[in-house]
Amino acid sequence: MIHTQFRRDAGLIRRVSSTSASQERLARVLATHDCGSRCQLHHGDMCDPCCLARLVAHIRPDEMYNLAAQSHVGVSFEIPAYTTEVNGAGALHLLEAIRLAGLQHSCRFYQASTSEMFGKVLEPVQSERTAFNPRSPYACAKLFAHTITKNYRDAYGMYAVCGLLFNHESPRRGELFVTRKISLAVAAIAAGFEDCMVLGNLDATRDWGHARDYVVAMHAMLQQPTPEDFVVATGETRSVRAFVEAAFHAGGMGSVLWQGTGLDEVAVLQAPHTAGRVVVRLSAEFTRPSEVDALIGDPRKAVATLGFNPRATPFEQLVAEMVHADMVRLAEMRAPGLVISTPEQRATSSAPAEEDHEMPIFTI
Ligand code: G4F
């Protein structure tokens, strides 16, 4: 995404023959925020440096946010060369495009670096000073992008910064990332569409925050007097297992009990009317050749300098928001116009009690 001095926005979109889920997601975002009129999308590709150079020379941006990526860590083991092209060389193409257009002293550049670069961590809590130890083609490519961004800052005096963002989630998260996979599965199980979800490593821990809070920090990074890199994280870490437990709780299905070991481990529901139902199974299909076991970030620099609030969205609120959004989506698919409400909405609403509604209501 690019900002120009005329406060018009521009974005890059890949040409595909059929409508993809990500295009639909983008269309929804543009429609929701009425950005369609001030945001122009241009066809392009991170693997095509000529096209990027032409676009940057034409648009002449004053801020550029490089969030483009093959962003699935697991998939990067299957398509490592493509991942490296897009995530690594892609950043270099953009930096060169800025320089070739003569914008190196006017265009501010944001590179989406990632906590995945810490990999097999060399310090228990990771900050801007922690050394990197990547564990996937995804993270290796991102590390190249990170260092080349710093190099362009040093070599050409560019305002080019890296945001070391830890996992940031929302109801818009892609369906193959673990948080969204879980929220969607919990909603589907609650609605009776599915019986069970299949996951990989339950014991990996991540520092999960809300994407909307992190985007504010990204923007703030480009408004500073000097270009610097920042860690953006909550400073709390939870396991995939804990996310599953919180999601079933948010979905109104009570607690789960874990039984068995290794890949035979399962989660069963505990509530009286569903007790004993297996709702999580495991499969090696969703484990990775080399895993990042535990991540937790130190956001103190971002708090002090950017005014970032790591407590803006507590973990339970994030999980509940994702599960509820998926329950709403599934209910809408099943019966358009279905009324969904949260306990908070019902507490502040003058609407009649659930049983008085003609239409069914899902609650969380
Ligand atoms: O949700 P994940 O796929 O996210 P991951 O690998 O932490 O990466 C995400 O966050 C990074 C930091 O911001 C980004 F750079 C990156 O682009 C991406 O957005 O997996 C989280 C954890 C992993 O340990 C994984 O092994 O969940 C574990 N997991 C367990 N079962 C699973 C599954 N991951 C996925 N995707 N699917 C599973 O079934």
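We count ligands from 1, going down the list as the structure has it; atoms in each ligand are counted the same way.
Of the protein's non-hydrogen atoms, the one nearest atom 31 (N) of ligand 1 is Gly200 N, 2.8 Å. What sits closest to atom 14 (C) of ligand 1 on the protein, heavy atoms only, is Tyr138 OH, 3.4 Å. Scanning all protein heavy atoms for the shortest distance to atom 33 (C) of ligand 1 gives Val178 CG2, 3.5 Å. Here the protein heavy atom with the shortest distance to atom 24 (O) of ligand 1 is Glu291 OE2, 2.9 Å.
Numbered from 1 in the order shown, with element, the atoms of ligand 1 that lie under 4.0 Å from a heavy atom of Ser115 read 12 (C). In summary, the atoms of ligand 1 found under 4.0 Å from a heavy atom of Val240, numbered by their order in the structure, are 27 (O), 28 (C). Near Leu199, meaning under 4.0 Å from any of its heavy atoms, are these atoms of ligand 1: 31 (N), 39 (O). Ligand 1 places these atoms under 4.0 Å from at least one heavy atom of Lys181: 38 (C), 39 (O). Using a 4.0 Å cut-off to heavy atoms of Ala204, the atoms of ligand 1 that qualify are 24 (O). Numbered from 1 in the order shown, with element, the atoms of ligand 1 that lie under 4.0 Å from a heavy atom of Arg173 read 9 (C), 10 (O), 18 (C), 19 (O). Near His72, meaning under 4.0 Å from any of its heavy atoms, are these atoms of ligand 1: 36 (N). Residue Ser71 approaches ligand 1 through these ligand atoms, each under 4.0 Å from one of its heavy atoms: 16 (C), 17 (O), 18 (C).
Between His210 and the choices His168, Glu321, Gln317, the side chain to side chain donor-acceptor pair (under 3.5 Å) rule is met once, by Glu321. Tested against Glu265 for a side chain to side chain donor-acceptor pair (under 3.5 Å), the candidates Arg281, Gln259, Arg241 yield a single pass: Arg241.
Checking Tyr152 against Glu96 by side-chain atom types alone, a donor-acceptor pair falls below 3.5 Å. Residues Thr287 and Asn201 have side chains that never bring a donor and an acceptor to within less than 3.5 angstrom of each other.
Nearest to atom 4 (O) of ligand 1 by heavy atom, out of Leu164, Asn167, Val280, Val73, is Asn167. The heavy atom nearest to atom 20 (O) of ligand 1, considering only Arg206, Glu169, Arg288, is found in Arg288.
More than 12 heavy atoms of other residues, nucleotides or ligands shown are found within 6.0 angstrom of NE2 on His43. Heavy-atom neighbours of Lys150 NZ from other residues, nucleotides or ligands within 6.0 Å: at or below the threshold of 12. Within a 6.0 Å radius of CZ in Arg300, no more than 12 heavy atoms belonging to other residues, nucleotides or ligands are found.
With a heavy-atom cut-off of 4.0 Å, Phe166 touches ligand 1 through its backbone alone. Only the backbone of Leu176 comes within contact range of ligand 1, with a heavy atom under 4.0 Å; no side-chain atom does. When non-hydrogen atoms are compared, ligand 1 lies under 4.0 Å from neither the backbone nor the side chain of Leu295.
In this structure, Arg129 and Lys301 have side chains that are not in contact, with every pair of non-hydrogen atoms separated by 4.5 Å or more.
Contact between Val125 and Thr130 at its shortest, heavy atoms only, is O-OG1, 3.8 Å.
A side-chain donor-acceptor contact under 3.5 Å links Asp229 to the backbone of Cys162.
A heavy-atom separation below 4.0 Å is not found between Gly74 and ligand 1.
Leu103 is connected to Ile148 through a chain of hydrophobic side-chain contacts under 4.5 Å among Ile, Leu, Val, Met, Phe, Trp and Tyr, so both are in one cluster.
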